[in-house]
Amino acid sequence: MGAVLIWWLAVQVVGLLALPLTFRLFRGIADRGYAFARPLGLLLAGYVFWLLGNLGILRNDLGGVIVALLAVAGLSLWFGRRALGLAPRQGDEPTLWEFVRRQKWTVIATEAVFLLALGLWALYRAYYPNIETAGGEKFMEYAFINAILRSPTLPPADPWLAGFGISYYHFGYIIISMLIRLTGL
């Protein structure tokens with residue numbers, strides 16, 4: 001149960017880093033992008049990590065992940081400075097804090113849905129941890145995640161073709177490896 005809470009906390013922090021950005025980007029939606037903060041934060045941090053890693057600027061380690069998260073936080077801070085009250089607002093545009101106070105039930109409902117889905121999926125996996133699937137690619141997924149975690153640089157080493165980088169769609173595995181590095185799980 002502690003591992004699930006650690007993952008929840010890591011994803012929550014990534015979402016909070018991206019929240020000022022989503023607050024500005026999705027200002028036409030009733031929840032101002034609150035529900036999109038976690039996925040957008042993971043996507044942007046993953047892209048920054050992947051791009052700068054492939055350019056040889058970042059190493060494939062915890063330090064590289066933290067730099068990518070700080071880049072997303074900086075981008076979010078820049079675009080969301082009005083929402084944070086760091087720049088003059090236009091008209092009656094609320095700050096992020098005012099929005100959270102006014103829409104606390106929307107925030108609570110969003111958090112409850114996420115926590116419920118995470119908890120139910122963790123409970124399901126706890127009682128059915130098997131990795132075999134009929135015609136699935138679970139073993140390949142484990143090979144890719146382990147290859148990414150073991151590679152000091154990006155692109156990660158191909159687990160089947162020594163001396164070459166993975167030439168398969170591996171961006172989602174990069175994001176998962178970032179969370180693994182952040183949480184140690």
Side-chain angles (χ1 to χ4, degrees), residues 2-27 29 31-55 57-81 83-84 96 99-100 106-125 137-138 140-151 153-156 165-166 168-185:
V4 175
L5 290 177
I6 291 170
W7 269 69
W8 172 81
L9 183 62
V11 174
Q12 192 72 8
V13 167
V14 172
L16 289 174
L17 292 176
L19 186 57
L21 177 62
T22 59
F23 191 78
R24 177 158 180 211
L25 289 177
F26 298 103
R27 60 181 165 242
I29 299 175
D31 78 344
R32 300 290 302 247
Y34 187 86
F36 294 111
R38 279 183 284 263
L40 184 65
L42 286 170
L43 180 68
L44 288 176
Y47 183 71
V48 168
F49 180 65
W50 173 82
L51 181 64
L52 297 180
N54 277 299
L55 291 173
I57 297 169
L58 292 181
R59 296 209 25 97
N60 184 17
D61 59 11
L62 180 59
V65 172
I66 291 172
V67 168
L69 287 172
L70 290 174
V72 170
L75 178 73
S76 188
L77 183 64
W78 174 257
F79 280 102
R81 61 190 182 279
L84 295 170
L96 183 58
F99 166 78
V100 169
T106 300
V107 171
I108 290 170
T110 302
E111 292 301 323
V113 167
F114 179 75
L115 197 54
L116 180 67
L118 179 65
L120 288 176
W121 186 248
L123 187 65
Y124 170 76
R125 293 307 295 167
E137 298 180 339
K138 291 288 184 197
M140 181 194 72
E141 292 171 355
Y142 282 110
F144 278 2
I145 289 171
N146 284 319
I148 291 167
L149 291 172
R150 290 183 181 143
S151 293
T153 60
L154 295 177
I166 293 177
Y168 189 75
Y169 310 107
H170 64 276
F171 182 66
Y173 303 115
I174 295 281
I175 293 173
I176 294 299
S177 75
M178 286 175 43
L179 287 172
I180 290 170
R181 288 191 194 287
L182 278 174
T183 61
L185 302 170

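The figures that follow rest on heavy atoms only: side chains count, while hydrogens, waters and symmetry mates do not.
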- Message: When you compare the side chain of F36 with that of L25, does any pair of heavy atoms fall below 4.5 Å?
- Response: no
- Item | Any pair counted as side chain to side chain donor-acceptor pair (under 3.5 Å), so long as it reaches residues 35-48, sequence neighbours left out | Q12-R38, R38-E111
- Query: How close do A45 and M178 get, heavy atom to heavy atom, and via which atoms?
  - Reply: CB-CE, 3.6 Å
- With a 4.5 Å limit on heavy-atom distance, are the side chains of Y34 and F26 in contact? no
- Residues in side chain to side chain contact (heavy atoms under 4.5 Å, CB included) contact with I145, at least two apart in sequence or another chain: L149, Y173, I176, I180
- Query: Which heavy atom in S151 sits nearest to a heavy atom in N60, and how many Å separate them?
  - Reply: O-ND2, 2.8 Å
- Sequence-distant partners of I66, side chain to side chain contact (heavy atoms under 4.5 Å, CB included), two or more places apart: L62, L70
- With sequence neighbours left out, write down each residue that passes side chain to side chain contact (heavy atoms under 4.5 Å, CB included) with L123, or none if nothing qualifies. Y127
- Could you give the distance from CH2 (W7) to CG (L179), rounded to the nearest 0.5 Å? 4.5 Å
- Message: With side chain to side chain donor-acceptor pair (under 3.5 Å) as the rule and sequence neighbours excluded, what pairs involving residues 112-121 come up?
- Response: none
- Query: Counting only N and O atoms by type, is there a donor-acceptor contact under 3.5 Å from the side chain of S177 to the main-chain atoms of I174?
  - Reply: yes
- Does any N or O in the side chain of R150 come within less than 3.5 Å of the main-chain N or O of A147, such that one atom is a donor and the other an acceptor? no
- Task: State, yes or no, whether a side-chain contact exists between I166 and P155 at a heavy-atom distance under 4.5 Å.
- Result: no
- Task: State, yes or no, whether a side-chain contact exists between L58 and L154 at a heavy-atom distance under 4.5 Å.
- Result: no
- Can you tell me how far the CD1 atom of I175 sits from the CD1 atom of I148, to the nearest 0.5 Å? 10.0 Å
- Task: Can you label the angle between the Y168 ring and the F144 ring as parallel, tilted or perpendicular, going by 30° and 60°?
- Result: tilted
Side-chain donor-acceptor pairs under 3.5 Å in residues 13-23, sequence neighbours left out?
residue: T22; atom: OG1; partner: L19; partner atom: O; Å: 2.9
residue: T22; atom: OG1; partner: G33; partner atom: O; Å: 3.4

- Query: If you look at every heavy atom in L43 and F171, which pair is closest and at what distance?
  - Reply: CD1-CE2, 3.6 Å
- Spacing of CG belonging to L44 relative to CG belonging to L51, to within rounding of 0.5 Å: 12.0 Å
- Close side-chain approach of R32 and L96, heavy atoms under 4.5 Å: no
- Is T110 reaching over with its side chain to a backbone N or O of T106, donor-acceptor style, under 3.5 angstrom? yes
- Item | Inter-residue atom distance L55.CG - W50.CH2, 0.5 Å rounding | 8.5 Å
- Message: Quick check: do L69 and L182 have side-chain heavy atoms less than 4.5 Å from each other?
- Response: yes
- Message: Nearest 0.5 Å, please: how far is OG1 in T153 from CD1 in I57?
- Response: 13.5 Å
